[in-house]
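Below is one structure, written out as structure tokens; comments come after it.
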Amino acid sequence: QQQVRQSPQSLTVWEGETTILNCSYEDSTFDYFPWYRQFPGKSPALLIAISLVSNKKEDGRFTIFFNKREKKLSLHITDSQPGDSATYFCAARGNTNTGKLTFGDGTVLTVKP
Amino acid sequence: GPKVLQIPSHQIIDMGQMVTLNCDPVSNHLYFYWYKQILGQQMEFLVNFYNGKVMEKSKLFKDQFSVERPDGSYFTLKIQPTALEDSAVYFCASSFSINERLFFGHGTKLSVL
């Protein structure tokens, strides 16, 4: 059973549009949710993260919205740019005190100019 | 920013052989991780390591796998013997503490023939 799910699997938007990436999870012990971005051939890099104490986290063009009751998150990218084209991974960390992250399958985003 | 280096970037070996994947974590980091990513799929946690010991391992961390960091040098993942299903990209990651962000390397692509 997959603990972290992402949708859609892939997405294409036009430059300037708002991108919405979805994530949901099963495990109630998850308390921290980072989003990682991975460009082809590169290492995943932390983009933005949110914890259970917040409903929203904003950093520039990137915003996480968190619905704790439904165990759902979404990452919004406003004014999407071709340089945003990458794979976006939602991850979750539980309170196991080991730092282990559980990743979703990722969403491949393509932004067309 | 801080970098995690992985050596080699690509390794091709015959099934049954031993392979060692090397990771040079961020210099002051104390927690080390290995993740496995099969092409097009999610990154899956293998193991994490702190203070010379394995803290947690997943069911993917088979008996043929071992990790060590002798004398503060490379953090290594050894697979002996290798199997066809071990073909994947292996990502090393490190963090200063359990609650700090993970920094990932570029990955080592392992091809078992």
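Because the structure is a prediction, the values reported are computed rather than measured. Scope of the values below: all heavy atoms of this structure, side chains included, with no hydrogens, waters or symmetry mates. Letters A, B, ... mirror the listed sequences (proteins, then strands); counts begin at 1.
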Atom CG in B/Leu102, atom CG in A/Leu101: separation rounded to 0.5 Å? 4.5 Å

Heavy-atom donor-acceptor pair, B/Tyr35 side chain to A/Phe103 backbone, under 3.5 Å: no

About how many Å separate CE of B/Met43 and OG1 of A/Thr87, when rounded to the nearest 0.5 Å? 10.5 Å

Residue pair A/Ser43 / B/Gly105: nearest heavy atoms and the distance that separates them: CB-O, 2.7 Å

Rounded distance (nearest 0.5 Å) linking atom CZ of A/Arg93 with atom CG of B/Asn99: 4.5 Å

Counting heavy atoms not belonging to A/Lys68, are there more than 12 under 6.0 Å from its NZ? yes

Assigning hydrophobic clusters by single linkage (Ile, Leu, Val, Met, Phe, Trp, Tyr; side-chain heavy-atom cutoff under 4.5 Å), is B/Met15 placed with B/Ile12? no

For B/Gln6, is it the side chain, the backbone, both, or neither that has a heavy atom closer than 4.5 Å to a heavy atom of chain A? neither

Is the number of heavy atoms from other residues, nucleotides or ligands under 6.0 Å of B/Leu113 CG greater than 12? yes

Bottom line for A/Gln38: the part with an atom under 4.5 Å from chain B's heavy atoms is side chain

Is the number of heavy atoms from other residues, nucleotides or ligands under 6.0 Å of B/Phe96 CZ greater than 12? no

Hey, is NZ on B/Lys62 packed in by over 12 heavy atoms from elsewhere, all under 6.0 Å? yes

In terms of heavy-atom proximity below 4.5 Å to chain B, should A/Pro44 be classed as side chain, backbone, both, or neither? both

Residue pairs passing the side chain to side chain donor-acceptor pair (under 3.5 Å) test with at least one member in residues 103-112 of chain B, sequence neighbours excluded, are B/His10-B/Ser111

Identify whether B/Tyr33 and B/Leu30 are in the same connected component of the hydrophobic contact network (ILVMFWY, side-chain heavy atoms under 4.5 Å). yes

What are the two closest heavy atoms between A/Phe89 and B/Gln37, and how far apart are they? CZ-NE2, 3.4 Å

So which part of B/Tyr31 gets closer than 4.5 Å to some heavy atom of chain A, the side chain, the backbone, both or neither? neither

Give a yes or no on whether B/Phe49 atom CZ has more than 12 heavy-atom contacts from other residues, nucleotides or ligands under 6.0 Å away. yes

Mind checking the CG-NZ spacing from B/Leu46 to A/Lys100? Nearest 0.5 Å is all I need. 10.5 Å

Hey, are the side chains of B/Gln42 and A/Val4 touching, using non-hydrogen atoms and a 4.5 Å cut-off? no

Could you tell me which of B/Met55, B/Glu100, B/Glu56 has the largest number of non-hydrogen atom pairs under 4.5 Å with chain A? B/Glu56

Nonpolar side-chain network containing B/Phe103, other nodes, edges under 4.5 Å: B/Val4, B/Val26

